[in-house]
Amino acid sequence: MKRLHLALLVIVLMTTGLVMTGYKATVLGFPLLPAQTVDNWIVEARVAFEPTGGPVTARLVLPDDPPGFAILDENFISRGYGLTTSQQGENREAHWTTRYPSGRQVLYYRATVYLHNRTNGEDEAYPGPVSVPEYGEPYHSAAMALLESVRERSADISSFATVLVSDLNAPNPGENATLFVDPNDTDADRVRTLIQLLAGARIPARMSHGITLTDWAREAQPMAWLEVHNTREWVPIHPRNGSTGYPANLLVWWHGDIEPLQVERARNRELSFSVTRNIHDAIDVAEQRAQLMDSRFVDFSLFGLPVQTQNMYRVLLMVPLGALIIVLLRNVVGIRTFGTFMPVLIALSFRETQLLGGIILFTLIVSLGLAIRFYLDHLKLLLVPRLAAVVIVVIMLMAVISILSHNLGIEQGLSLALFPIVILAMTIERMSLVWEEHSPQEAIRQGLGSLAVAVVGYLFMVNRHLEHLIFVFPELLLVVLAITLLLGRYTGYRLTELLRFRALGQ
Amino acid sequence: MTGRWFITPGELRRQGILGMNARNGSYIAQLNARSNYPLVDDKLQTKHLALDAGIAVPELYGVIETPHQVRRIGKMLEGRNDFVIKPAHGAGGDGILVITGRMGEHYRRANGRLMDRESIQHHLSNILSGMYSLGGQPDRAMVEYRVKFDPLFDQVSFEGVPDIRTVVYRGYPIMAMVRLPTREADGKANLHQGAVGAGVDMATGETLHGVWHGRVVDQHPDTGAPISGICIPDWSTLLALAARCHDLTGLGYLGVDVVLDRDRGPLILELNARPGLAIQIANRQGLLKHIERVDARLEGMEAPEEAAARAAWVGEGFAQATG
């Protein structure tokens, strides 16, 4: 019963911890490695026009969940305008309205986007086969012949479209294809033609427009792309070379053969796009994204705390890991230490002193403390005053060491003050007891054991990857807890017992 | 004697060796109720319990609880030439002071060194302030009768207190060893401090080979006398005594330390709720096999047996198991 209870508890803790971590890492995009940066792009649409009098309404299509990207942040710079956004068909639109505009008006839409591996469009249902349009002769027979020949050379809907695109773009298009090609066609014209022709094969197709994200593109031109629906998803196809799929740096802005900007009662309309690259800490990106996704995770994360407190928790959250190490080393390996968690505290102070300096200082302080303790023993003091005396003398010695080392230019001596001195005093006391009651060897063995455990704990606790993981995914502590609970029921042999009972093997 | 320097877990398991984790997690945690710990951790309570049950213990001369009493220790010790001072909550033999004689104002310790009264008072105040107690709790000091050892173990002990440790599992004494002090152990009978442990045949009470520092030895390192073949008198009585200690304390996993006094016979020295595992090395066999035998016997039993019956069963069963 107890076993089952524990097993269930461990499984619940483990899965909770791992699922939350997994969610944060994959969906919210929190980085698993420290100091990861994410490229993000600030894309800006600039709308300019001159009102001709009367209330003005400007409508701009906005990117809506563009494939391969996630929108981190967006804002509108439009003083004096009323603003609403709404879904219009396949597109999201911003409506700016104002009653009394005067002079040239400039409005901005700015979005921060970053690459995010998520396929979009799968949720868009198949619109159903389209009806064959009336081409009129001679186009009808040419179209049918062309489509027939394309059908023979293709396997499915997307390859059909690809073959058709390359037929139209061939340097010497066949006679059927020539009818539909004008050398001066823009991409958009070509896409329109393709949509018409694909309709002849009852394939639903649409136009989309995207912006190529390159650094410092002041005047980015929207590019027209063809999308065909293969009954599962929209497949993007380059209207010139027939390649499928958007390039990684193409941000799809809108769908359909529409004007991206519509302004009523205005002239000299201008719409221009610009792109700036930005490097952000991945954590910030993930946080902002979680906020946009309305995720509760981030509201209750450590990042919401003041920076000083955050730094404290960076250290504090490593203590459970140190405790786990202690459990492992004591119960599975079987190393004896002075005081159960003294090594964790020593390891914490090693963070400040660095490892080698820490070991030297620790050894120095403990040996000096022992010497003092043995001297005080002659005075026959009571226990607590003796402990206090050790603390006082040890602190004075520490100050002396710090001053000396500072004058000698060894700055590590300064971090001495960070040792948990009361814990050290207790260690000294216990060590001297073991020294007297058992043997100096035993005292030194346990002292070295404590030091070794502290060093191992330190090595784990200063690991940047671990520190980052625990701080960004504190729910991993649930996993640490689960492992600790499991070890709590470990009744197997300790490694040192294999030595201890070796006489039985003879 | 030059075996490997380690033993495999499989081998340990095959021999039924009880490990520290299994002892703590599967036996002590399950069988020893926390609330019963004070009965054995406080040697004063143990003493009173034993006396109430009519079990022989070393006579208590006095208890020292306050610094005031420490100052007036001379009065308490008046007329006593040999005695033992021990902390009521001591562990592992720490803080025990054995005085064997007196020379004017000085006291002679078991190791022959002299000690003045001030040193004794300092030792007492150390005990009171909790230097030797578990967790550093303030403690009391007991002054009690110094056991006059039965000459039985004279040849195989160096100073100090040879005692007989029995592990009692759910009321059944399952394993025993004699702990023989050495020069190195400074008169203490703890194996990890350098004492020799000798396994005991549970059926006959005869000592087997000894273990010293994890190695098998046949002779005492200080005296050179052979360790095995010493027959402990009244072995069955001793087993029954150990079995009764289970009834006193209600602890299912218990260590009973008995000394043999020249004049007063076996005396219970102390009880231990966390007896060590070295006894397995001394006996060269694992505790788990015996634990399983006891569990199997208790399985099919309705009413618990009397201590004497339990001890008798152990003696017979052991003879069968080894014979």
Side-chain angles (χ1 to χ4, degrees), chain A residues 1-3 6 327-328 330-336 338-340 373 376-388 425-426 429-430 432-443 445-446 485-506, chain B residues 1-9 11-13 15 17-27 29-30 67 92-96 118-119 121-123 125-132 136 138 184-186 188 190 192-194 211-216 277-278 280-286:
Chain A
M1 187 57 213
K2 253 182 225 162
R3 283 217 108 92
L6 183 78
V327 170
L328 273 173
R330 281 179 67 110
N331 279 24
V332 180
V333 178
I335 296 178
R336 294 164 64 106
F338 285 114
T340 314
R373 167 67 178 73
L376 289 177
D377 205 36
H378 288 292
L379 305 179
K380 312 271 179 236
L381 303 176
L382 293 176
L383 175 70
V384 179
R386 187 173 60 225
L387 263 179
M426 304 285 276
E429 176 69 19
R430 303 230 344 227
S432 74
L433 273 193
V434 174
W435 190 292
E436 278 178 2
E437 293 281 332
H438 299 238
S439 63
Q441 293 98 307
E442 179 66 20
R445 189 183 309 148
Q446 285 194 32
L485 291 179
L486 264 186
L487 284 174
R489 293 287 307 177
Y490 172 74
T491 54
Y493 298 111
R494 299 174 180 179
L495 278 179
T496 48
E497 281 174 346
L498 304 184
L499 292 179
R500 183 180 174 195
F501 291 120
R502 66 182 178 276
L504 295 167
Q506 287 157 8
Chain B
M1 291 307 282
T2 54
R4 270 173 309 162
W5 57 277
F6 69 94
I7 182 168
T8 60
E11 179 69 9
L12 283 180
R13 213 168 294 126
Q15 295 196 20
I17 302 295
L18 183 65
M20 188 65 84
N21 290 329
R23 184 202 77 172
N24 291 344
S26 304
Y27 298 105
Q30 316 279 335
D94 289 352
I96 295 179
E118 200 195 343
S119 299
Q121 284 171 336
H122 179 59
H123 185 77
S125 50
N126 275 342
I127 292 177
L128 295 197
S129 57
M131 192 159 133
Y132 303 102
E184 183 194 350
D186 195 19
K188 287 182 193 130
N190 277 319
H192 63 89
Q193 290 173 4
V211 163
W212 187 48
H213 283 305
R215 293 191 307 273
V216 177
L277 302 169
Q280 301 178 106
I281 308 176
N283 280 282
R284 310 207 63 187
Q285 53 177 319

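Here the structure is a predicted model, which means the values were calculated and not measured. Proteins come first, then strands; the chains are lettered A, B, ... in the order of their sequence lines, and each starts at number 1.
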Bottom line for A/R386: the part with an atom under 4.5 Å from chain B's heavy atoms is side chain
Please report the closest heavy-atom contact between A/R494 and B/N24, naming both atoms and the distance.
-> NH2-ND2, 4.0 Å
Can you say whether A/E442 sits under 4.5 Å from chain B via the side chain, the backbone, both, or neither, judging by heavy atoms?
-> neither
Between B/M20 and A/E497, the two heavy atoms sitting closest are N-OE2, 2.5 Å
When every non-hydrogen atom of A/F501 is compared with those of B/L12, the smallest separation belongs to CB-CD2, 3.7 Å
Side chain, backbone, both or neither of B/L277 within contact of chain A (heavy atoms, under 4.5 Å) = both
B/Q280 versus chain A, the contacting section by heavy-atom distance below 4.5 Å = both
Considering the options B/N21, B/I17, B/T8, which one meets the side chain to side chain contact (heavy atoms under 4.5 Å, CB included) requirement together with A/Y493?
-> B/I17
For residues A/T491 and B/S26, report the shortest heavy-atom separation together with the two atoms involved.
-> CG2-OG, 3.3 Å
Portion of B/A29 that has a non-hydrogen atom of chain A nearer than 4.5 angstrom = neither
Going from NE2 on B/H122 to NE2 on A/H378, what distance comes out if it is rounded to the nearest 0.5 angstrom?
-> 10.5 Å
